[in-house]
Amino acid sequence: QVQLVESGGGLVQAGGSLRLSCAASGLIFSINAMAWYRQAPGKQRELVATITGGGRTNYADSVKGRFTIAKDNAKNTIALQMNSLKPEDTAVYYCNADLQIGLGSRRVYWGQGTQVIVSS
């Protein structure tokens with residue numbers, strides 16, 4: 001019933017910016033936490049940024065100061081503002097959501113991913 005859909009990926013020159021969005025649809029009571037992960041070819045998926053339902057944020061050291069995660073509780077969406085992009089940021093970016101979908105019912109969902117390519 002719950003689905004996450006990412007958008008905003010694309011090709012950008014090093015030093016440029018992109019804004020990724022993730023929309024959660026379905027029967028959602030509340031957001032416990034949402035996050036962005038990324039996975040480069042041949043590498044493990046890594047956590048990029050998280051945001052709790054209360055708005056607390058955390059970032060990987062590699063993106064701190066360059067990326068900003070934000071959420072809109074009313075719309076059940078999150079965004080990742082990516083500035084000063086580097087070629088090493090190239091990856092498929094995945095939205096992750098830890099959601100309360102009922103009383104005593106909590107579940108984690110993943111989006112399908114959106115490709116980000118940063119050229120030198």
Side-chain angles (χ1 to χ4, degrees):
Q1 291 181 334
V2 174
Q3 185 177 10
L4 304 181
V5 179
E6 302 101 331
S7 62
L11 176 65
V12 67
Q13 190 176 36
S17 298
L18 284 174
R19 186 176 181 88
L20 307 182
S21 296
C22 173
S25 62
L27 298 176
I28 302 170
F29 286 1
S30 63
I31 299 171
N32 298 313
M34 296 186 73
W36 287 97
Y37 288 74
R38 68 185 181 187
Q39 188 167 21
K43 295 186 177 181
Q44 289 184 282
R45 188 172 299 184
E46 65 174 342
L47 180 63
V48 176
T50 62
I51 186 164
T52 68
R56 296 286 184 178
T57 60
N58 204 356
Y59 300 90
D61 288 341
S62 60
V63 307
K64 190 172 295 183
R66 299 188 298 119
F67 292 9
T68 303
I69 188 170
K71 68 179 177 68
D72 185 335
N73 285 334
K75 298 180 179 179
N76 291 327
T77 61
I78 60 168
L80 185 68
Q81 180 64 46
M82 310 163 67
N83 298 326
S84 301
L85 283 162
K86 304 175 181 179
E88 48 264 46
D89 295 319
T90 296
V92 177
Y93 284 71
Y94 296 91
C95 181
N96 171 274
D98 179 355
L99 305 176
Q100 201 75 28
I101 60 174
L103 186 61
S105 183
R106 184 178 181 178
R107 188 174 177 179
V108 176
Y109 297 87
W110 289 93
Q112 293 299 116
T114 185
Q115 176 73 62
V116 172
I117 300 175
V118 184
S119 62
S120 301

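Quick note: numbers below take in every heavy atom, side chains included, and nothing from hydrogens, waters or symmetry partners.
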- To the nearest 0.5 Å, atom CG of L47 lies from atom CG of N58 at 7.5 Å
- Are any of the side-chain heavy atoms of V2 and R107 separated by less than 4.5 Å? no
- How far does CG of N76 sit from OG of S25, to the nearest 0.5 angstrom? 9.0 Å
- Any donor-acceptor pair under 3.5 Å from E46 side chain to Q39 backbone: no
- Task: Enumerate the residue pairs fulfilling disulfide bond (SG atoms under 2.5 Å apart) with a member in residues 12-51, sequence neighbours excluded, ordered by first and then second residue.
- Result: C22-C95
- Task: Kindly give the heavy-atom pair with the smallest separation between L20 and W36, and that separation in Å.
- Result: CB-CH2, 3.7 Å
- Query: With sequence neighbours left out, what residues match R45 under salt bridge (Lys or Arg N to Asp or Glu O under 4.0 Å)?
  - Reply: none
- Note on the structure: Residue set satisfying side-chain hydrogen bond (donor to acceptor under 3.5 Å, both in side chains) with Q3, at least two apart, ordered chain then number -> none
- Point-to-point distance, once rounded to the nearest 0.5 Å, from OG of S21 to CD of E6: 10.5 Å
- Measure the shortest side-chain to side-chain distance between I31 and L99 over non-hydrogen atoms and say whether it is less than 4.5 angstrom. yes
- Scan L18, V118, I117 and name whichever one has a side-chain contact (heavy atoms from CB on, under 4.5 Å) with L11. I117
- Side-chain contact, heavy-atom cut-off 4.5 Å: Y37 with V92? no
- Note on the structure: Closest non-hydrogen contact found for G55 with K71 is N-CE, 3.8 Å
- Message: Is there a continuous path of hydrophobic side-chain contacts, each under 4.5 Å between heavy atoms, that joins Y94 to I78?
- Response: no
- Query: Which heavy atom of A49 sits nearest a heavy atom of Y59, and at what distance?
  - Reply: CB-CD2, 3.6 Å
- What pair of heavy atoms forms the shortest contact from Q13 to S119, and how long is it? CA-OG, 3.5 Å
- Student check: side-chain heavy atoms of I101 and Y109 closer than 4.5 Å: yes
- Quick one: side chain to side chain contact (heavy atoms under 4.5 Å, CB included) partners of T52, sequence neighbours excluded? R56
- Evaluate the side-chain proximity of M82 to V12: yes if any heavy-atom separation is below 4.5 Å, no if none is. no
- Contacts of Q115 meeting side-chain hydrogen bond (donor to acceptor under 3.5 Å, both in side chains) (sequence neighbours excluded), chain-then-number -> none
- Item | Q1, CD: over 12 other non-hydrogen atoms inside 6.0 angstrom | no
- Item | Any side-chain heavy-atom pair of T50 and I69 under 4.5 Å | no
- Note on the structure: Smallest heavy-atom separation, A24 atom then L4 atom, equals CB-CD2, 3.3 Å
- Query: Just by modelled atom types, is the V5 backbone N or O under 3.5 Å from a matching donor or acceptor in the Q112 side chain?
  - Reply: no
- Task: Kindly give the heavy-atom pair with the smallest separation between A97 and M34, and that separation in Å.
- Result: CB-CE, 3.8 Å
- Query: What pairs with A91 under side chain to side chain contact (heavy atoms under 4.5 Å, CB included), at least two apart in sequence or on another chain?
  - Reply: R38, A40, Y93
